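Computed from a predicted model, the values in this text were never measured in an experiment.
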Amino acid sequence: MARYSFKDVEPKWQQVWESKGIFKTPANPAKKYYVLEMFPYPSGDLHVGHLKNYVIGDVVARYKKLNGFDILHPMGFDAFGLPAENAAIERNVSPAGWTYGNIETYKKTMSLLGLSYDWDREVVTCREDYYRWTQHIFQLLYDNGLAYRKKAFVNWCNDCQTVLANEQVENGVCYRHGTPVTKKNLEQWFLKITDFADDLLADLDLLKNWPESVKKQQFDWIGKSYGVEIQFEQPELNQKLTVFTTRPDTIYGVTFVTISPEQPLVEEIKKLVPDSVKKGIEAYQVASKAKTEIERTSTGEKTGIYSGLDLIHPLTGKKVPLWIGDYVLATYGTGIVMGVPAHDERDFAFAKRYELPIILVIQNPEQNLNSETMETAWTDDGIMVNTPGFEGKSSTDFIQAIADEIQTKGLGRKTINYRLRDWLISRQRYWGAPIPMIHCPACGVVKDPNLPVRLPAENKVQLKPQGKTPLETDESWLNTTCPSCGGPAKRDPDTMDTFMCSSWYYLRYADNKNSEKLFDTEIANTWLPVDQYIGGAEHAVLHLLYSRFITKALHRIGLVGFTEPFTNLFTQGMVTMFSPKTGKLEKMSKSKGNVVPVGEFVREWGADTGRVMILFAAPPERDFEWTNEGVAGANRFLNRIWTFVQDNLDLLAPAEFKSQFEISQLTPDSFKIYQKTHQTVKKVSADLNEFKFNTAVAAFMELMNDLNKTDRKSLEESEEFQRVIKHCIVRFLEVFTPIAPHISEELLSQLGFAGTVFDRGWPSWHEDATVSDTVSIVIQINGKLRGNLDVARDSDDESVKKLALENEQARKFLAGLSVVKLIVIPNKLINIVAK
RNA sequence: GCCGAGAUGUUGGAAUAGGUAGACAAGAGGGACUUAAAAUCCCUUGGCUGCUAACAGCCGUGCGGGUUCGAUUCCCGCUCUCGGUACCA
């Protein structure tokens with residue numbers, strides 16, 4: 001018996017789908033469904049760890065298509081970015097050549113898998129026909145006041161040799177390299193994502209089918225907090241110092257105020273203090289700036305220096321010293337905080353180090369706090385003390401009262417602060433979309449009207465970072481004329497963060513060939529939002545937040561009719577494998593030396609085996625380990641299906657195909673397999689809707705195990721039985737096509753069906769056949785399983801009780817006991833409570 | 001530290017409007033076929049006890065309590081693991 005020869009079958013069906021144009025996007029969808037997997041950055045070649053994302057998307061796309069939806073299922077490449085540029089520097093290759101070569105490799109590999117993409121919809125972010133529109137979006141944002149330039153202390157990664165957005169700094173290190181990030185004071189382009197902070201927060205509620213963890217991460221990242229700004233006067237300074245606090249209830253506990261060394265007011269302060277103090281402040285500023293982000297933010301020492309000035313406490317009128325300390329962030333709130341050592345850990349540590357006084361204003365419920373002896377700050381609620389007019393009252397009541405009082409007395413105002421900052425998008429690198437702006441000495445910043453602003457030729461620029469942006473090294477590119485006055489001007493030398501490229505690609509797929517516009521609004525509104533987005537959870541606050549922002553911005557500008565890009569989001573777990581380098585399970589990656597290349601895998605096992613393996617191994621949201629045993633098991637299963645059909649093809653192929661049977665006409669054996677088949681169709685339909693691929697595959701295995709028990713002799717003897725078994729295997733194969741499309745199509749065709757499964761669609765199940773006339777009822781005695789009872793479905797409780805008490809097994813256990821109570825759960829169990 | 005998710009056989013995992021725990025696989029053991037091996041097929045496979053067996057009993061879903069006729073599922077208190085986060089005042 002020939003084993004399943006995937007080497008012939010898989011290319012054959014890929015060819016059929018291709019030639020029939022099955023996966024082409026319909027122009028005027030009646031029932032649209034947009035399935036999208038996060039597009040890859042093309043680096044090297046695909047390994048099986050990458051596959052999970054694409055396989056899940058393909059199952060969804062095929063399943064929806066079989067159910068009559070008009071599908072948009074595109075693929076493309078996130079093609080600008082550092083790896084290409086680094087490869088260029090290290091190996092002297094061309095960034096563009098390297099990238100396009102990888103894209104070709106990726107596409108070739110993807111074509112082995114039978115994925116249902118419409119490649120006519122492809123987008124490649126580094127191509128001119130794409131990045132000119134990325135530049136166009138930038139200019140649109142600029143026109144609408146959503147892109148601006150400012151000088152700020154920004155995150156600098158020495159490995160990237162460029163600045164990074166806040167979202168790209170994790171725990172003080174670069175998200176890519178893990179190298180410590182330092183601060184640089186540079187003038188850069190920012191996008192006003194903070195303008196949408198409230199919408200981004202509120203609309204999380206609309207995202208019903210997003211993982212809670214992703215929504216939570218975005219919620220925390222936006223970090224909305226309600227508080228009060230309070231002003232402290234300084235007699236010599238001509239302006240007041242404003243602090244932001246969420247704890248105005250601790251106002252009477254203020255014993256100092258701390259200002260961040262980068263806060264601009266520090267410069268004013270320096271003018272008022274004696275030279276010796278000024279020198280100290282400057283030395284401190286230099287020292288702070290030299291620290292890495294980790295050194296500044298890790299739990300370590302809180303350092304500071306006395307500014308030489310004192311402030312007036314707005315309520316007590318007493319003097320409190322003003323300190324400069326780099327534990328205060330210049331970019332959050334006002335960059336100045338009030339020091340309440342008794343009720344804030346950081347202030348407590350600072351006060352202890354510099355021997356500043358501690359005033360207790362909130363007493364704990366045990367009433368045992370004492371400012372002299374406390375060893376840690378009390379940050380919870382409690383009872384007010386040392387607070388005129390509120391002694392003995394609850395701090396939770398006081399917090400509102402004092403906020404109101406501060407506001408009415410004109411000492412400050414209630415306000416809201418966000419942790420979210422504007423998105424810094426300038427990058428001092430070559431391989432990205434140039435920022436399409438011109439700097440003119442006369443006119444200032446002017447839009448370049450000639451898009452695309454092309455990158456200078458690779459051989460004209462110095463890619464290796466040397467304190468200049470690579471684009472600046474091509475003078476002929478850099479120097480241009482001002483579109484406004486015609487005088488000499490310079491181009492903006494930076495490129496855009498590549499997250500900008502990926503924050504709108506899902507829109508371009510809808511109308512990817514439009515050379516006149518970003519996209520046609522009507523077409524975008526037809527296909528979007530994306531119905532099902534699938535990707536890794538690591539993008540929770542990067543790509544997914546930026547994309548939501550860009551969608552909202554384009555909505556405000558009037559280019560799209562929706563406010564959220566992705567209606568449903570599924571985040572798959574990663575594929576792990578034992579790494580010989582680290583000696584443990586690791587995410588599959590080249591650097592860990594634990595990859596299985598897709599090409600090699602498909603040559604040895606075929607695409608369908610890989611698909612079944614990935615879907616069966618574990619629930620898709622969970623991580624799973626890639627194992628040879630798992631692969632072999634998946635392959636064995638496919639071969640069992642193949643063999644079953646081959647063994648019986650002589651009888652099944654000629655048999656008439658009936659789409660439904662009369663239950664009463666079926667023999668018991670026929671009914672059993674017919675029932676199992678329809679239960680399977682029902683279960684698989686439900687499981688695919690819920691992304692429960694692993695249990696769907698298990699259901700197929702169960703049905704196959706039953707089909708394999710088919711008695712060849714009975715089959716030979718009864719034409720009716722042949723028709724039943726044909727019906728069952730056909731239904732099996734039809735609903736199996738989203739999971740293993742090649743083998744399923746091939747066997748359906750061998751069984752006598754012309755065309756493809758898409759000609760027939762998803763079968764409905766025979767509901768009456770999924771239930772039985774009789775059910776097995778469990779007999780429990782005092783909660784313990786003691787026997788079984790076969791009764792008619794929906795038997796009344798009384799007859800079940802009677803049968804249970806008469807049951808031989810039950811009587812054995814009831815000997816010497818008296819029955820106290822009977823609990824009947826219809827069609828499930830009866831519990832006899834006895835003493 | 002804080003926030004979130006989780007803990008079920010040798011392993012991946014099933015089963016939760018509370019109702020037969022371990023579906024389906026993997027691995028292991030035994031058998032059939034074969035000169036042999038591979039492949040394939042069949043059987044066994046949570047632990048303990050009853051000398052062995054069919055069989056029977058007891059225990060068993062991280063730990064300790066609780067609610068209930070009945071708890072992997074609900075409640076309270078722990079332990080551990082994995083993610084996320086990191087001076088945001």
Name the nucleic acid region contacted by [X], choosing base, sugar-phosphate or nothing; use a 4.0 angstrom heavy-atom cut-off, strictly under.
| X | answer |
| --- | --- |
| V778(A) | base |
| S213(A) | nothing |
| Y418(A) | nothing |
| S225(A) | sugar-phosphate |
| N417(A) | nothing |
| Q780(A) | base |
| G633(A) | sugar-phosphate |
| D347(A) | nothing |
| D220(A) | nothing |
| V328(A) | base |

Under the salt bridge (Lys or Arg N to Asp or Glu O under 4.0 Å) test, residues paired with [X] that sit two or more places apart:
| X | answer |
| --- | --- |
| R353(A) | E301(A) |
| K801(A) | E798(A) |
| D422(A) | none |
| E586(A) | none |

Proximal nucleotide (of [options]) relative to the [X] side chain:
| X | options | answer |
| --- | --- | --- |
| W221(A) | U20(B), A89(B), A86(B) | A86(B) |
| A698(A) | C24(B), A14(B), A89(B) | C24(B) |
| R419(A) | A89(B), C69(B), U85(B) | U85(B) |

Give me the distances for all protein-to-nucleotides 39-48 of chain B N/O pairs that come in under 3.5 Å?
none

Using the purine O4'-C1'-N9-C4 or pyrimidine O4'-C1'-N1-C2 torsion, is G64(B) syn (within 90° of 0) or anti?
->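 Classified anti.
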salt_bridge(D198(A), K224(A)) N-O dist < 4.0 Å = yes
Table of protein N/O atoms under 3.5 Å from nucleotides 60-62 of chain B N/O atoms:
none

Listing, residues 693-710 of chain A side-chain donor-acceptor contacts under 3.5 Å, not counting sequence neighbours, or none:
residue : atom : partner : partner atom : Å
T695(A) : OG1  : D687(A) : OD2          : 2.9
T695(A) : OG1  : K692(A) : O            : 3.1
E702(A) : OE1  : K676(A) : NZ           : 2.8
N705(A) : ND2  : M701(A) : O            : 3.4
T710(A) : OG1  : L707(A) : O            : 2.4

Among residues at least two apart in sequence or on other chains, which ones pass side chain to side chain donor-acceptor pair (under 3.5 Å) with [X]?
| X | value |
| --- | --- |
| H313(A) | T316(A) |
| Q780(A) | none |
| E262(A) | S260(A), R296(A) |

Look at the side chain of E345(A) against the base of G1(B) and say whether a donor-acceptor pair falls under 3.5 Å; ignore hydrogens and angles.
-> no
Closest-nucleotide 5' rank along RNA chain B - winner of N788(A) and R247(A) | N788(A)
Side chains of N594(A) and S579(A): donor-acceptor distance under 3.5 Å anywhere?
-> no
Assess the side chains of R421(A) and T331(A): does a donor N or O sit below 3.5 Å from an acceptor N or O?
->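 Short answer, yes.
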Pairs where residues 243-252 of chain A contributes a residue and the test salt bridge (Lys or Arg N to Asp or Glu O under 4.0 Å) is met, not counting sequence neighbours | R247(A)-D249(A)
Stem list, RNA chain B (Watson-Crick or G-U pairing under 3.5 Å, at least 3 consecutive pairs) |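 B:1-7 with B:79-85, B:10-12 with B:24-26, B:27-32 with B:40-45, B:46-50 with B:55-59, B:62-66 with B:74-78 - these are the stems of 3 or more pairs that involve RNA chain B.
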